[in-house]
Amino acid sequence: MKHLVANLVNDALARLPELAEATADLSVDSTVERTRDASHGDFASNIAMRLAKPAKKNPREIATSVVDALGDNPEISKVEIAGPGFINFYLSPSAFHAELKSILDSGTDYGRQPKKESPRILLEFISANPTGPLHVGHGRLAAYGASLGNVLEAAGFPVYREYYVNDAGRQMDILGTSVWLRWLESGGVVVPFPKAGYRGGYIKDIAAEIDISGIEMPAAEAVLDGMPLDGPEDASDATQEERDANKALRETYIEALVKRAVHLAGDTGFDRIRQQSLESILADIKDDLAEFGVTLDKWFSEQSLTGTGRIDDALAVLEERGILYKKDGATWFPATKFGDEKDRVVVRENGVKTYFASDIAYHFDKRERGFDHLIDILGADHHGYMARVKAGLEAMGYQGDDLEIELVQFVTLYRGGEKMQMSTRSGEFDTLRQLRAEIGNDAARFYYVMRSNDQHLDFDLDVATSQSNDNPVYYIQYAHARIARVFQKASEAGMSWNQDNGRGHLGQLTATQEKSLISALSRYPEIIELAAKNRAPQTLVHYLRDLVSDFHSSYSAHKVLVDDANLRDARLALYAAVKIVVASGLAILGVSAPDEM
RNA sequence: GCGCCCGUAGCUCAACCGGAUAGAGCACCGGAUUUCUAAUCCGGAUGUUGCAGGUUCGAGUCCUGCCGGGCGCGCCA
């Protein structure tokens with residue numbers, strides 16, 4: 001409906017050549033907005049104020065000429081000039097009724113924009129390292145990414161969802177070693193477990209389930225012979241130097257253990273342990289996400305980049321262009337030339353390529369696959385990567401702006417008023433799976449995206465569980481269930497909805513609550529557009545709450561199943577439309593719309 | 001120290017490229033059910049939008065400085 005008004009303003013401007021120059025670089029659409037206050041009409045345009053300076057005219061004068069040029073339109077019942085120069089539009093009831101019919105005609109396609117061919121969007125999200133189950137922080141990335149993907153799709157963009165599986169490199173060796181050690185332990189071979197290893201209980205489960213046949217169980221002495229000591233935990237009052245030193249010791253110990261594991265289990269044996277561990281964890285992650293209603297189009301394996309030499313190819317391209325340079329035995333990428341703070345190593349002195357090298361190759365690969373716009377959803381701690389990955393894209397011949405990074409702030413879990421610690425390696429984290437079991441998928445999906453992604457999220461489990469009836473997600477779902485019930489009741493009472501009759505009597509929906517509700521419904525397409533533009537699914541959350549609040553008010557004030565069939569069918573038409581929009585909005589958020597509660 | 005994000009009612013948060021009187025929920029108080037689900041509705045209070053300047057017809061929103069919180073600043077991933 002907003003576009004309807006914007007188009008009228010546009011047409012009016014076309015009839016005013018004296019304003020043409022001033023209007024040149026102004027999007028008329030952006031001047032039209034819903035009013036906050038009903039006394040300002042349904043829509044307002046601030047175009048007269050915006051044009052005042054470039055046209056060198058008084059805003060109210062401009063407003064007057066625009067209004068005169070509008071002419072008569074059946075959709076508009078009244079136009080007023082108010083305040084410093086706002087043009088207020090009052091839409092006719094028939095305009096709202098047409099919108100209502102459009103909802104009934106389109107069903108859950110209502111509000112969806114026509115499909116666009118471009119830009120093709122590649123949405124990468126979660127991409128949690130496959131070294132353990134997803135924790136509650138990943139849950140936020142998953143919920144935000146999934147909802148954002150749905151919102152973008154609803155806004156017409158082609159969206160491809162991808163999870164980057166970091167299944168190559170050192171951490172996989174540490175994972176394999178951790179599992180190997182737990183397997184030894186189960187065979188009575190006890191070795192001090194490395195502090196830098198993965199210590200979660202799931203490691204033992206994996207050790208118990210994987211196929212270990214043909215791999216020899218060594219004696220403890222064989223494992224420990226010549227091993228350095230593990231570094232101690234940091235004391236709470238440790239200085240930075242002590243922390244660095246401890247960490248170096250822990251790293252040395254785990255490195256040595258990895259080498260020993262490879263040696264004792266054999267190259268192929270260790271490889272089998274590592275791959276099985278990876279597969280086990282990945283299967284768990286996939287299952288977890290599927291249950292959470294999060295689907296991906298592709299699980300992009302880092303091994304597929306290293307295995308096919310695509311990282312080398314990318315580096316070769318940079319080499320050819322003379323971009324890379326050598327220093328201290330390492331190969332550097334001059335990120336500072338592309339706006340980053342410092343230059344970055346791509347190949348270490350020991351010949352091992354860095355994570356950044358695969359990042360360059362991966363993002364290059366995304367563009368090469370034909371995606372025009374890349375969106376990465378990352379945890380807030382990754383903000384340091386923005387500049388360098390954009391730099392990498394530019395060096396590979398694309399635009400830094402092809403990549404958009406949406407940062408998601410941290411989640412803090414509270415239980416019993418206590419902040420909970422979350423760390424994968426220490427094994428004390430709370431998993432997404434546990435959270436879902438406690439509060440349910442719907443509440444979890446909803447809570448995760450209720451707040452702006454750039455706000456910290458405090459997740460209070462006590463509130464989410466013990467007071468779950470006050471949960472806004474139920475408030476919205478309840479509206480859907482109530483409507484479903486009304487339709488059921490109608491048919492039970494022999495008052496089945498006659499849709500055609502309802503459509504013919506929408507003029508009887510004259511109550512204040514009903515008019516507000518119709519107006520709220522008509523906002524839905526604008527909300528989709530806005531949420532997509534701002535990458536802000538929470539816009540939809542707030543909208544649904546408002547919409548449903550109008551519904552509950554109307555429902556309480558006016559009985560639906562009245563004897564007057566015309567009024568009854570009209571009200572049923574209104575509620576059918578509400579049901580459609582609520583179901584559609586909840587589907588975008590990944591929340592179910594139950595018919596019964 | 002440098003960089004990024006955040007700061008709005010007692011609490012948790014909204015506020016559409018800057019727009020009219022900054023809005024919701026929770027909590028608190030009072031009321032509503034012989035009537036389609038009371039997981040509901042109706043009524044009631046709350047603001048120096050962290051502070052100080054600046055730009056503008058107009059600033060929670062943009063700019064500068066400061067204060068407070070989070071995160072990052074590796075030849076880790």
Side-chain angles (χ1 to χ4, degrees), chain A residues 2 27 29-37 39-40 44 46 49-50 52-53 58-59 82-86 88 129 131 166 168-172 174 247 251 302 327-332 341-342 344-356 358-359 379-387 407 409-410 412 450-452 454-458 460 463 467-472 474-475 477-479 481-490 492-493 495 523 526-527 529-531 533-534 536 538-539 541-542 545-546 549 551-557 559-562 571 575 596-597:
Chain A
K2 187 171 167 177
S27 148
D29 238 47
S30 72
T31 73
V32 176
E33 57 181 23
R34 294 265 172 177
T35 56
R36 273 187 202 157
D37 192 324
S39 68
H40 297 145
N46 61 10
M49 277 115 73
R50 301 270 289 274
K53 188 175 276 182
N58 177 311
F86 290 103
N88 293 336
N129 290 340
T131 53
N166 216 279
R170 202 175 88 102
Q171 60 178 347
M172 283 298 104
I174 295 175
K247 188 166 187 180
E251 298 289 312
E302 187 187 2
K327 192 180 92 183
D328 303 332
T331 307
W332 292 72
E341 292 174 344
K342 48 179 86 167
R344 311 286 173 180
V345 169
V346 285
V347 183
R348 284 154 59 183
E349 195 178 2
N350 63 9
V352 176
K353 289 179 270 293
T354 62
Y355 182 80
F356 177 48
S358 27
D359 248 0
D381 54 333
H382 283 70
H383 65 75
Y385 303 101
M386 297 172 60
L407 295 177
Q409 295 293 328
F410 281 14
T412 312
M450 222 164 65
R451 287 182 206 165
S452 167
D454 51 25
Q455 292 280 355
H456 290 256
L457 179 64
D458 287 340
D460 190 324
V463 172
Q467 297 184 13
S468 61
N469 282 357
D470 295 328
N471 193 325
Y474 294 121
Y475 182 74
Q477 289 178 316
Y478 183 53
R482 261 187 156 176
I483 295 169
R485 182 67 181 151
V486 168
F487 278 91
Q488 194 187 327
K489 262 284 196 294
E492 282 167 18
M495 295 177 167
R523 286 176 63 206
E526 295 153 31
I527 293 296
E529 223 175 330
L530 188 65
K533 190 181 88 181
N534 294 339
Q538 78 275 9
T539 309
V541 170
H542 292 117
R545 225 224 159 262
D546 289 346
S549 166
F551 161 74
H552 284 307
S553 293
S554 184
Y555 180 91
S556 301
K559 191 173 156 80
V560 184
L561 302 179
V562 291
R571 284 192 174 146
Y575 287 176
E596 271 178 33
M597 287 178 74

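Quick note on labels: first sequence line is chain A, next is B, and so on, each numbered from 1. Since the model is a prediction, treat every value here as computed from it, not as a measurement.
- Closest approach to the A/Asp381 side chain among B/rG72, B/rC36, B/rA20 is made by B/rG72 (side chain taken as heavy atoms from C-beta onward).
- For B/rA38, the OP1/OP2 oxygens have a side-chain nitrogen or oxygen of A/Arg482 closer than 4.0 Å.
- Taking side-chain N and O atoms only, A/Tyr555 has no distance below 4.0 Å to OP1 or OP2 of B/rU33.
- Among the heavy atoms of the strands lying under 4.0 Å from A/Lys559 is at least one base atom, whether or not backbone atoms are also near.
- Taking 4.0 angstrom as the limit, A/Arg451 places a side-chain polar atom (N or O) nearer than this to OP1 or OP2 of B/rC13.
- Side-chain N/O atoms of A/Lys342 include one lying less than 4.0 angstrom from OP1 or OP2 on B/rG74.
- A donor-acceptor contact under 3.5 angstrom links the side-chain atoms of A/His383 to the base of B/rG3.
- Of the candidate nucleotides B/rG69, B/rG19, B/rG3, B/rG69 has the atom nearest to the side chain of A/His456.
- Nucleic acid contact class of A/Arg571 (heavy atoms, under 4.0 Å, all strands): none.
- At a cut-off of 3.5 angstrom, the base of B/rA20 holds at least one donor-acceptor pair with the side chain of A/Asn88.
- Taking atom CG of residue A/Leu457 and atom C1' of nucleotide B/rG70, one finds them 14 Å apart after rounding to whole Å.
- For B/rC42, one of the phosphate oxygens OP1 or OP2 lies less than 4.0 angstrom from a side-chain nitrogen or oxygen of A/Ser553.
- Among the nucleotides B/rC16, B/rG74, B/rC36, the one closest to the side chain of A/Val560 is B/rC36.
- A donor-acceptor distance shorter than 3.5 angstrom exists from the side chain of A/Asp37 to the backbone of A/Ser39, with no hydrogens or angles considered.
- Within residues 345-354 of chain A, the residues having any heavy atom closer than 4.0 Å to RNA chain B are, in order of number, A/Val345, A/Arg348, A/Glu349, A/Thr354.
- We find the NZ-CZ distance between A/Lys2 and A/Arg523 to be 10.0 Å, quoted to the nearest 0.5 Å.
- Here the side chain of A/Ser358 pairs a donor or acceptor atom with the backbone of A/Tyr355 at under 3.5 angstrom.
- Rounded to the nearest Å, the gap between the C1' atom of B/rG74 and that of B/rC63 is 35 Å.
- Rounding to whole angstrom units, NZ of residue A/Lys53 and C1' of B/rU56 are separated by 7 Å.
- The nucleotide whose nearest atom lies closest to any side-chain atom of A/Asp454 is, among B/rC76, B/rG7, B/rC5, B/rC5.
- A distance of about 15 Å separates the P atoms of B/rC62 and B/rA14, rounded to the whole Å.
- Between A/Gln409 and B/rC4, a side-chain N or O to OP1/OP2 separation shorter than 4.0 Å is absent.
- A/Ser553 contributes a side-chain N or O that, together with a main-chain N or O of A/Ser549, makes up a donor-acceptor pair within less than 3.5 Å.
- Contacts of A/Ala330 with the nucleic acid, taken as non-hydrogen atoms under 4.0 Å apart, include base atoms.
- Residue contacts for A/Asn534: at a heavy-atom cut-off of 4.0 Å it reaches no nucleic acid atom on any strand shown.
- Taking 4.0 angstrom as the limit, A/Arg36 places none of its side-chain polar atoms (N or O) nearer than this to OP1 or OP2 of B/rA15.
- In this entry the distance linking CD of A/Gln488 with P of B/rC36 reads 14 Å, nearest Å.
- For A/Glu596, the CD atom counts as loosely surrounded, since its 6.0 Å shell holds 12 or fewer non-hydrogen atoms of other residues, nucleotides or ligands.
- Aromatic ring orientation, A/His552 versus A/Tyr475: tilted (interplanar angle from 30° to 60°).
- For B/rG19, the base is not stacked against the aromatic ring of A/Phe86, per a cut-off of 5.5 Å between centres and 30° between planes.
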Intra- and inter-strand pairing of RNA chain B, written as dot-bracket with Watson-Crick and G-U pairs under 3.5 Å and | for the latter, reads (((((((..((((.....[...)))).(((((.......))))).....(((((..]....))))))))))))....

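- Comparing B/rU48 with B/rU8, their C1' atoms are spaced 12 Å from each other, to the whole Å.
- Taken from CD1 in A/Ile483 to CD in A/Gln488, the straight-line distance is 13.5 Å, to the nearest 0.5 Å.
- In this structure, A/Glu251 places its CD atom 9 Å from P of B/rC76, rounding to the nearest Å.
- Look at CE on A/Met386: it is 15 Å from P on B/rG3, rounded to the nearest Å.
- Rounded to an integer number of Å, the gap from A/Asn58 CG to B/rG58 C1' is 15 Å.
- As rounded to whole Å, 17 Å separates atom P of B/rG69 from atom CD of A/Gln455.
- Between the side chains of A/Gln171 and A/Thr131, no donor-acceptor pair is found at a separation under 3.5 Å.
- Looking only at distances, a side-chain donor or acceptor of A/Thr354 sits under 3.5 Å from a matching main-chain atom of A/Val345.
- Of the candidate nucleotides B/rU21, B/rA20, B/rA14, B/rA14 has the atom lying nearest to any side-chain atom of A/Ser452.
- A/Met450 comes within contact range of no nucleotide atom at all, as no heavy-atom separation falls under 4.0 Å.
- If you measure from atom CG of A/Asp37 to atom P of B/rG23, you get 9 Å, rounded to the nearest angstrom.
- Note on A/Arg545: only backbone sugar-phosphate atoms sit closer than 4.0 angstrom, heavy atoms only; bases stay farther off.
- Residue contacts for A/His40: at a heavy-atom cut-off of 4.0 Å it reaches a base atom on one of the strands shown.
- A/Ala52 comes within contact range of no nucleotide atom at all, as no heavy-atom separation falls under 4.0 Å.
- Nearest nucleotide to the side chain of A/Lys533, out of B/rC16, B/rA39, B/rG19: B/rC16.
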